[in-house]
Amino acid sequence: MFKDKRILVTGGAGFLGSHLCERLLDSGAEVLCVDNFYCSTRGNVHHLLGRPNFELIRHDVCFPLYVEVDEVYNLACPASPIHYQRDPVQTLKTSVSGAINMLGLAKRLRAKILQTSTSEVYGDPMLHPQPESYWGNVNPHGLRSCYDEGKRAAECLFMDYHRQHGLRVKIARLFNTYGPRMHPNDGRVVSNFIMQALQGRPITIYGDGSQTRSFCYVDDTVEALIRLMSTGDDFTGPINIGNPGEFTIRELAEKVIALSGSGSPLVREPLPPDDPVRRRPDITLAGSVLGWAPATPLEPGLIETIAYFRDSLAGLENGPI
Ligand code: UDP
């Protein structure tokens, strides 16, 4: 399908990036995967290294990149709260300087470029579910701001390059995504709960667990990104990509315990600052423009993810994987 197309994926060795690289390779594309391994691992793309159409480059998108490609998927940025808050200045630089550098590259090459933005641009939303037309409720100087405002600035840059330079841009707003190859220690709720359940440790519910999230299985997200990239030049987005099924964090904990056969107890821990209360995408636009809706309900997706973490843990017990 993508034969002879050269595609750059920044953040390509991350959780989502590695799945995207794999799908693009399977479709016949030549894939150039760029990553600085700040919060990703070579292990995520290890199985792709022997494929003739795959190339891996260690590079930080905060610096210019000179390569020749037809399309750019810009995923590079730490995405979990503990990763993006570890070095907030660098997070903001990655979003802003990274966007400027990748947009500059796309401008020189006249290449199509897709930005993975985030539901965090809606902040702690006052409107529910969130349509793309909602401008959000974001704290501009809190602990999440480095990520939220960085991604908002990147959206602005993408639209200005489009308006000012006629660049072909696509903006995807990704809601919580989960699946195999999530980092086991990135602090996100799905990976935390599964690791805790499998290791028989207490499941940490922040706050009273009544806050909600909508979880999209990674294969569905990848499918939507590829469809978005292939839309006509008149469509830029932003467009929501997520699963509209909405669950409280407590419901998620109970599902993980049941599906993993764990005896872990639930424990309460303080809610982190600015933690959004409710989150659920309105995906009407994705349905009409991309003909897309997520195909994987939460339970089967969790079963796959639990199996992945179980295998990873078994591998660790038997030596490094
Ligand atoms: N959360 C939790 N226990 C954990 C990790 C996260 O209760 O061990 C909560 C967190 O407070 C938030 C939700 O789960 O309300 C999703 O957190 P995550 O870090 O996965 O992503 P976010 O959507 O907040 O960026």
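We use all heavy atoms of the structure for the numbers below, so side chains are in, but hydrogens, waters and symmetry mates are not. Note that ligands are numbered from 1 as they come in the structure, with each ligand's atoms numbered from 1 the same way.
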Report task. For ligand 1, indicate whether the residue Glu120 contacts it via side chain, backbone, both or neither (heavy-atom separation under 4.0 Å). Result -> side chain
**Report entry** Identity and distance of the protein heavy atom lying nearest atom 15 (O) of ligand 1
**Finding:** Asp275 OD1, 2.5 Å
Report task. Write out the residue and atom name of the closest protein heavy atom to atom 5 (C) of ligand 1, then the distance separating them to 0.1 Å. Result -> Tyr206 CE1, 3.4 Å
Query raised in the report: Is ligand 1 under 4.0 Å from a heavy atom in the side chain of Thr204, in the backbone, in both, or in neither?
Result: both
Query - Which residues share a side chain to side chain donor-acceptor pair (under 3.5 Å) with Thr296, sequence neighbours left out - result: Asp220
Query raised in the report: Cut-off 3.5 Å, side chains only: do Ser262 and Ser260 have a donor facing an acceptor?
Result: no
Report summary line: ligand 1 atoms nearer than 4.0 angstrom to some heavy atom of Asn176 are 21 (O), 22 (P), 23 (O)
Requested in this report: Report the relative orientation of the aromatic rings in Tyr122 and Phe175; use parallel for angles under 30°, tilted for 30 to 60°, perpendicular for over 60°.
Outcome: tilted
Query raised in the report: If Ile, Leu, Val, Met, Phe, Trp and Tyr residues are connected whenever their side-chain heavy atoms lie under 4.5 Å apart, and connections chain through other members, are Leu174 and Ile113 in the same group?
Result: no
Report summary line: At under 4.0 Å between heavy atoms, what of Met195 touches ligand 1? The answer is neither
Report summary line: Within 4.0 Å of some non-hydrogen atom of Ile205, the atoms of ligand 1 are 7 (O)
Query raised in the report: With a 3.5 Å cut-off and no angle check, do the side chains of Asn139 and Arg144 form a donor-acceptor pair?
Result: no
Query - Minimal non-hydrogen separation, Gln130 against Arg278, with atom names - result: NE2-O, 4.2 Å
Report task. Of the side chain and backbone of Arg188, name the one, both, or neither that has a heavy atom under 4.0 Å from an atom of ligand 1. Result -> both
**Report entry** atom 13 (C) of ligand 1 - nearest protein heavy atom and its distance
**Finding:** Ile249 CD1, 3.7 Å
Query raised in the report: Looking just at side-chain N and O atoms, do Gln196 and Thr204 make a donor-acceptor pair shorter than 3.5 Å?
Result: yes
Query raised in the report: Side chain of His83, backbone of Gly187: donor and acceptor closer than 3.5 Å?
Result: no
Query raised in the report: For ligand 1, which atoms sit closer than 4.0 Å to a heavy atom of Arg279?
Result: 22 (P), 23 (O)
**Report entry** Option of least heavy-atom distance to atom 16 (C) of ligand 1 (set: Arg213, Met182, Gln196, Gln211)
**Finding:** Arg213
Requested in this report: May I ask whether Ser80 places a heavy atom under 4.0 Å from ligand 1?
Outcome: no
Query raised in the report: Is the closest side-chain donor-acceptor distance between Arg188 and Ser80 under 3.5 Å?
Result: no
Query raised in the report: Which of parallel (below 30°), tilted (30 to 60°) and perpendicular (above 60°) describes His59 and Phe63?
Result: perpendicular
Report summary line: One finds that the ligand 1 atoms under 4.0 Å from a non-hydrogen atom of Phe193 are 3 (N), 4 (C), 8 (O)
Requested in this report: Please report which non-hydrogen protein atom sits nearest to atom 25 (O) of ligand 1, along with the residue it belongs to and the distance in Å to one decimal place.
Outcome: Arg144 NH2, 2.9 Å
Query raised in the report: Quick check: does Val189 get an N/O under 3.5 Å from an N/O on ligand 1?
Result: yes
Requested in this report: For ligand 1, indicate whether the residue Pro272 contacts it via side chain, backbone, both or neither (heavy-atom separation under 4.0 Å).
Outcome: side chain
Query - Asn192: numbered ligand 1 atoms lying under 4.0 Å from its heavy atoms - result: 4 (C), 5 (C), 8 (O)
Query raised in the report: With distance as the sole criterion, is a donor-acceptor pair present between the side chains of Gln115 and Asn74 under 3.5 Å?
Result: yes
